[in-house]
Amino acid sequence: MFRYFILIISMAVMPLTASALTIDETVTIALDTNNNIKSKQYTVKAKELASDNAILIFMPSIGVSYDYSYSWQDRTKAANTKTDGDLSTLSAYANLNLFNGLSDLFGYQLAKLDRDIAVSDLDAASYQTILDAQLAFINVLKAKSDLEVAESNLKLLEMQKRDAQISADNGLIAKNDLLQTETYLASAQLQKITAQSAVTQAIQSLEKVINRKLASNEELIEPVFMNITLDSEDILKEKMFANRSDLKKLEQSYQAAKKTENRSLSGVYPTIDASFNYAGYGDSADPFAGNPGGMDSNMTVGITASWNILSVASASMQSLSDKRTRQALAYSIADTKQSMVLDLQRKIENYYTSKAQLAQSIIGVQHAEENYRVTKNLYDQSAATMTELLDASSLLNEAKVSESNARYSVISSVYNLEWVIQEKLPVHEVQQDNGTMPVNDNTAAPAPAPAR
C-alpha cells in the first residue's frame, strides 16, 4: 500500500511532458487552418462545377407545354341561350443551335480555363503559406536563441558587477570602472528586454500563421542542419518557370484573353438554329380527346439562319479591345519572368553569403570565447583593466548574436530558394569535423503539397 502511495505522489509532482512541434507539422497545420486557402478551395470547387455545367451549352433545349382554356358566352338574354366549350393544347418542342460563330465552344474553353486559373491561384496561396509558416517557425527559434544570448550576457555582466563592487569597496579599482560596469549591465538588461519582446512577437506571428495558440509547454524542435545541392542558375530558372503557380496563372489568363477575343469575333458570323415543334389539340381538358375523326395536331420542323449586320462592327471593336488586353498580359508575363529571374539570383547570392557569414561567425565565437578567457585571467591577476574585460565580454556577446543571425539566415535562405522554384532542394548530411560548418536545415521530410 505504501508503494502505491509513493507512486501516486511521484506522478503528482512529475512535470508534464512538453509537447513538441516540428517545422513540417507547423506547415501542415498552417495549410489545414489557413482561411485564405479554404476560401480558394471553395472557389476551385465552384469553378469546377461551372466548367462541368458549361458542356450543357452544346445540348438541345427540349420542353413540353400544356394549355387549357374554358370559354362561356351568353349570346341572347331573351332566348336564354348559352354556349360553352373546352380547349386544351399539348405541345413538345426541341431547339438546337447548329452554328453560333463557335462562341459556345470558346465559352466552354473559357470555363475550363477559369477552373485552371482558380487551381493555380490556390497553389500560389498554398506555397506562400508554406513559406510563411517556415519563416515564422524559424523566427521564433531565432528570437529564443537571441534571448539565450542576452541572458548569458546579462549573467556574465552581473558577475562582473559583483566583482567590480567588491574591488571598488576594497579600493582596488576606481569608482569610474564600477560605473562603467553598471553602464554595460544596463545595456545588457535592455538587450534582454528587447529579446523577450521579440520572442513574444515572433510567437504571435507563428500563432497567426497556424491559426491557433501555442501551448505553454509546447516546444519547437530545432531543424536538423543539412547541406543542400544547388543546380546551376539556368537549371533553377527552368524549374522556376515550370513550377511557379503565379506564372501559370498569368499564362492561363493570357489563354483566357485569347479565347475571349475569339468569342467576341464570333459575333460577325450568322447563327443557324434547328427547331422541331409538335402540338396536339383536344375539345376537353384531355388534349388526346379530339374530334370524332381523331385528335387535331400540328408538327413543324425548320432551320433558321439569322445575321445581325449591325453587330458586325460592334463585335469587331470588342474583339480588338480583347486583343489589346491579351497583348498587355503578354508584356506582363515577360516582366514577371524578368522579376523572377532577378529574385532567384538574389536568393542564390543570399544563400552563399549566409553560408560564408555562418563560417566566419563560428570562428568568431571561438575567438571571442578564447579572448574573454585570456582577458579574465589577466584581469584576475591585475594585468588587464576593467575596460578591457568589458570590451572582451561585449565582443563575445556580439559574436554570439552574429552566429545566431547567420545560422538562421542560412535556413531561411534555403526556404526562400525553395519557394522561388516551388520545389524541394536535394539535401545531404554534413560531416562536421575540422571546423566544417553545418549548412541548412530543411527537415528531411518534404513539405506538404499545396492543399487542393
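Note that the coordinates shown come from a computational prediction; the quantities given were computed from them, not determined experimentally.
- To the nearest 0.5 Å, atom CG of residue Asp132 and atom CD1 of residue Ile210 are 13.0 Å apart.
- One N or O on the side chain of Ser413 and one on the backbone of Val410 form a donor-acceptor pair closer than 3.5 Å.
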* To do: Check the pair Met240, Lys237 against side chain to side chain contact (heavy atoms under 4.5 Å, CB included), reporting the backbone distance first and the verdict last.
  => CA-CA 5 Å; Met240 177 178 65; Lys237 190 189 305 181; 4.2 Å; yes
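- Side-chain atoms of Ser332 do not come within 3.5 Å of backbone N or O of Ala328 as any donor-acceptor pair.
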* Does the side chain to side chain contact (heavy atoms under 4.5 Å, CB included) test come out yes or no for Asp391 and Tyr184, once each step is laid out? -> CA-CA 10 Å; Asp391 287 344; Tyr184 273 76; 3.1 Å; yes
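- Lys249 meets the salt bridge (charged side-chain N to carboxylate O under 4.0 Å, His left out) test with Asp121; sequence neighbours excluded.
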* I would like to know whether Gln201 and Ser205 meet side-chain hydrogen bond (donor to acceptor under 3.5 Å, both in side chains); could you show each step before the answer? => CA-CA 6 Å; Gln201 293 179 28; Ser205 297; over 6 Å; no
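- Met340 has its side chain within reach of Arg244: a pair of non-hydrogen atoms, C-beta onward, lies under 4.5 Å apart.
- With Gln422 contributing its side chain and Ser245 its backbone, the two residues share a donor-acceptor pair below 3.5 Å.
- Contact check on Asp343 versus Lys347 returns a salt bridge, with a Lys/Arg side-chain nitrogen under 4.0 Å from an Asp/Glu carboxylate oxygen.
- Between Ile23 and Tyr415 the shortest side-chain heavy-atom distance falls below 4.5 Å.
- Within a 6.0 Å sphere centred on NZ of Lys161, heavy atoms belonging to other residues, nucleotides or ligands number more than 12.
- Counting only heavy atoms from C-beta outward, the side chains of Leu141 and Pro223 approach each other to under 4.5 Å.
- Taking NZ of Lys258 as the start and OG1 of Thr325 as the end, the distance is 15.0 Å to the nearest 0.5 Å.
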* Chi angles and distances behind the salt bridge (charged side-chain N to carboxylate O under 4.0 Å, His left out) call for Arg115, Glu48 -> CA-CA 6 Å; Arg115 176 203 59 196; Glu48 287 175 345; 5.9 Å; no
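- Nearest heavy-atom pair across Trp419 and Tyr127 is CD1-O, 3.5 Å.
- The closest donor-acceptor contact from the side chain of Ser39 to the backbone of Asn35 lies at 3.5 Å or more, if one exists at all.
- Asn53 contributes no side-chain N or O that, together with a main-chain N or O of Leu49, makes up a donor-acceptor pair within less than 3.5 Å.
- In this structure, Asn36 and Ala125 approach most closely via the heavy-atom pair ND2-CB, 3.9 Å.
- Scanning for side chain to side chain donor-acceptor pair (under 3.5 Å) contacts around Asp335 gives an empty result, with sequence neighbours left out.
- Ionic pairing of Glu369 and Arg373 is not present here: no N-O contact between side-chain nitrogen and carboxylate oxygen is shorter than 4.0 angstrom.
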* Can Gln357 and Ser409 be said to form a side-chain hydrogen bond (donor to acceptor under 3.5 Å, both in side chains), step by step? -> CA-CA 9 Å; Gln357 289 174 342; Ser409 179; 4.8 Å; no
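- Residue Ala202 comes nearest to Val140 through the heavy atom pair O-CG2, 3.3 Å, listed as atom of the first residue, atom of the second, then distance.
- No more than 12 heavy atoms of other residues, nucleotides or ligands lie within 6.0 Å of CZ in Arg346, so this atom counts as exposed by the packing criterion.
- Counting heavy atoms from C-beta on, the side chains of Asp146 and Val199 never come closer than 4.5 Å.
- With salt bridges taken as basic N to acidic carboxylate O contacts below 4.0 Å, one links Arg407 and Glu222.
- Closest non-hydrogen pair, Leu344 versus Glu233, comes out as CD2-O, 4.2 Å.
- A cation-pi contact, defined as under 6.0 Å to the ring centre and within 45° of the axis, is absent between Lys355 and Tyr352.
- Rounding to the nearest 0.5 Å places OG of Ser253 at 9.0 Å from CG of Leu113.
- In terms of modelled atom types and a separation under 3.5 Å, the side chain of Ser361 and the main chain of Gly364 share no donor-acceptor contact.
- A donor-acceptor pair under 3.5 Å is absent between the side-chain atoms of Ser404 and the main chain of Val401, judged by distance alone.
- In summary, Arg326 and Glu261 engage in a salt bridge, as defined by a charged side-chain N under 4.0 Å from a carboxylate O.
- Judged as a side chain to side chain donor-acceptor pair (under 3.5 Å), and not counting sequence neighbours, the contacts of Asp231 are Lys239.
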* **side chain to side chain contact (heavy atoms under 4.5 Å, CB included) between Glu158 and Arg162, worked out** => CA-CA 6 Å; Glu158 286 175 343; Arg162 288 193 297 269; 4.2 Å; yes
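- Counting only heavy atoms from C-beta outward, the side chains of Ser51 and Asp114 never approach each other to under 4.5 Å.
- In this structure, CD on Gln160 lies 4.0 Å from CG on Leu389, to the nearest 0.5 angstrom.
- The OG1 atom of Thr387 sits 3.5 Å away from the CD atom of Gln180 when rounded to the nearest 0.5 Å.
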Just distance, no hydrogens or angles: give the donor-acceptor pairs under 3.5 Å from side chains in residues 189-196, sequence neighbours left out.
from   : atom 1 : to     : atom 2 : distance (Å)
Gln191 : OE1    : Asn153 : ND2    : 3.2
Gln191 : OE1    : Asn397 : ND2    : 3.3
Gln191 : NE2    : Asn397 : OD1    : 3.2
Thr194 : OG1    : Leu190 : O      : 2.9

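- Side chains of Leu247 and Phe241 form a contact here, defined as non-hydrogen atoms less than 4.5 Å apart.
- Shown here for Ala133 and Leu206, the closest heavy-atom pair between the two residues is O-CD1, 4.3 Å.
- Side-chain contact between Leu214 and Leu21 is present, with heavy atoms from C-beta onward closer than 4.5 Å.
- Residues passing the side chain to side chain donor-acceptor pair (under 3.5 Å) test with Gln327 are Arg324, sequence neighbours excluded.
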* Applying side chain to side chain contact (heavy atoms under 4.5 Å, CB included), run through Leu395 and Tyr372 and close with a yes or a no. => CA-CA 8 Å; Leu395 178 64; Tyr372 179 80; over 6 Å; no
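- Closest heavy-atom contact between Leu156 and Ser393: CD2-CB, 3.8 Å.
- Counting heavy atoms from C-beta outward, Val27 and Thr129 have side chains that stay 4.5 Å or more apart.
- Interatomic distance, Leu378 CG to Thr385 OG1, rounded to the nearest 0.5 Å: 10.5 Å.
- Looking at residues two or more places apart in sequence or on another chain, you find no side chain to side chain donor-acceptor pair (under 3.5 Å) involving Asp116.
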